[in-house]
Asks: 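Here it is: the structure, laid out below.
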Amino acid sequence: MEHVTKDQKKTKTSEFPDPFEQARIQKGYSDIEDQNDPVTMLLRLKDVRKTAHNWKTFISGAKPGRIVVPSEVAIRDIRQIPFEVDPPEHTDYRNLVEPWFKRPLEEEYQAKLKDIIDELVDEVVNKEDVEVVADFSLKLQSRALTLLLNIPYEESETWISWGVHVFRSEDTALDGDKANILYDYLDEQIDKAIENPGNDLYSMLLSSEVNGQKMSKEEVKGVMILTFAGGRDTVINAVTNSISYFAENPKALKRIHEEPEIITKAVEELVRYFSPLTHMGRVVTEDTKVCEHAIKNDSRVSMCWASANRDSAVFEKPNEVVLDRKINPHVGFGFSHHNCLGATHARQILKVLLGSLAEKVGGIEIKNYKENIEEWGEFNRKVGFDNITVNFSGK
Ligand code: EMZ
């Protein structure tokens, strides 16, 4: 019988292997099945960038839900904005929401975010057996989201009660009933903001015009669904995975404490390494070719950020976390005009989190965990954890 001791274990808990390497080098793409609407995954950084850039041949404004993999066509018909819109309309929407989503750069916002994160870290330090996903990352993501929406902190209790996924439950990739909870909630909040406008994101959108037209309720809902869904499991995975990394690399946390000036680089590197969103799709508008591979009009491709971020043609030591990596043109937040709208908020969350952990936490011990493995055709990709229980010790 094979006996595996802890030291002999092949991969560490915080290690995220790259399942795409061979296919990326040999072919550059892989065809996968998805609800009878197949997808060609593009695996090389160069192709991923070119595809993201070429919005005329690779569109986002297809049937709502079709550019997401797995497709959400079966569970929603509302267009997410600006995510599922192409230029030139995309530019108008993006210009409208961009300043709001840049608010995390303001000092006051950052101070509030630091209070939220410090409080949560204080809560878990020296507490026995903390399940990080539910008791730390989900709370952090939900509480921080109240700042992005500029609404009262207490509202986060409702979102925490929904659990990690908005469109998914533990066993189903797509869960229509669960999505309806979010849609009904948003209808209610939009109606409330119409009756009682305030300084929140709903009210800002409702009072805005795009191209001389007042934003409709449907459009506002489209922006809000994106705000809720797009930054949920991605942020939760980034936070959880970072904690697993610092548990197994205590020197890294010590280094961040001693050299806080590397935090910005460390955040980019963790996003590159973990790539919280595996890929994002586009729909093709003409017969074309990628990697010498014919792609038919009206079929789907995806830009695999996770694979591109390990491309050895671009990154030295791609499978290592190099905390102060100097040149890091990763695509963890996507690329080109559709790059992640929530990236400023997400980066700020990770920066504050790293600072707070470095200041308050002496060590993290992993007790047990269950990995979250996604299956994409020939690939199995670890994207995070369904749960991971740790003990945080104080300083
Ligand atoms: C969509 C997507 C956006 C999608 C940047 O990603 O995130 C997914 O989690 C959602 O399911 O609807 O918002």
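Atoms within a ligand are numbered from 1 in the order they appear, just like the ligands themselves. These values consider heavy atoms only, across backbone and side chains, with no hydrogens, waters or symmetry-generated copies. Being a predicted model, the structure only gives us computed values, none of them experimental.
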Asks: His279 and ring-ring contact (aromatic ring centres under 6.0 Å, His included): which partner among Tyr29, Trp305, Phe20, Trp376?
Replies: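 Output: one option passes, namely Trp376.
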Asks: Any idea which atoms of ligand 1 are less than 4.0 Å away from a heavy-atom of Met280?
Replies: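 Matching atoms, with element in brackets: 6 (O).
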Asks: Should the proximity of Arg76 to ligand 1, defined as any heavy atom under 4.0 Å, be assigned to the side chain, the backbone, both, or neither?
Replies: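 Arg76 to ligand 1: side-chain contact only, backbone stays beyond 4.0 Å.
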Asks: Kindly identify the option in Cys340, Pro276, Ala229 whose heavy atom sits closest to atom 8 (C) of ligand 1.
Replies: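 Going through Cys340, Pro276, Ala229 one by one, Ala229 has the nearest heavy atom to atom 8 (C) of ligand 1.
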Asks: Give every residue pair that meets the salt bridge (charged side-chain N to carboxylate O under 4.0 Å, His left out) criterion with at least one member in residues 277-296, sequence neighbours excluded.
Replies: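 Listed once each, the pairs would be none.
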Asks: Taking the side chain as every heavy atom from C-beta outward, state whether Arg94 and Leu341 have any pair of such atoms under 4.5 Å apart.
Replies: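 SC-SC contact between Arg94 and Leu341 confirmed.
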Asks: Near Glu195 CD, under 6.0 Å, is it more than 12 heavy atoms from other residues, nucleotides or ligands?
Replies: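 It does not: Glu195 CD has 12 such atoms or fewer within range.
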Asks: Looking at residues at least two apart in the chain, or sitting in another chain, which of them share a ring-ring contact (aromatic ring centres under 6.0 Å, His included) with Trp100?
Replies: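 In terms of ring-ring contact (aromatic ring centres under 6.0 Å, His included), with neighbours along the sequence ignored, Trp100 is linked to no residue.
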Asks: Show me which atoms of ligand 1 lie under 4.0 Å from any heavy atom of Phe83.
Replies: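 Reading through ligand 1 atom by atom, the close ones are 1 (C), 3 (C).
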Asks: With atoms numbered from 1 as shown, which atoms in ligand 1 lie under 4.0 angstrom from a non-hydrogen atom of Glu72?
Replies: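 Going through ligand 1 atom by atom, the ones under 4.0 Å from Glu72 are 4 (C), 10 (C), 11 (O), 12 (O).
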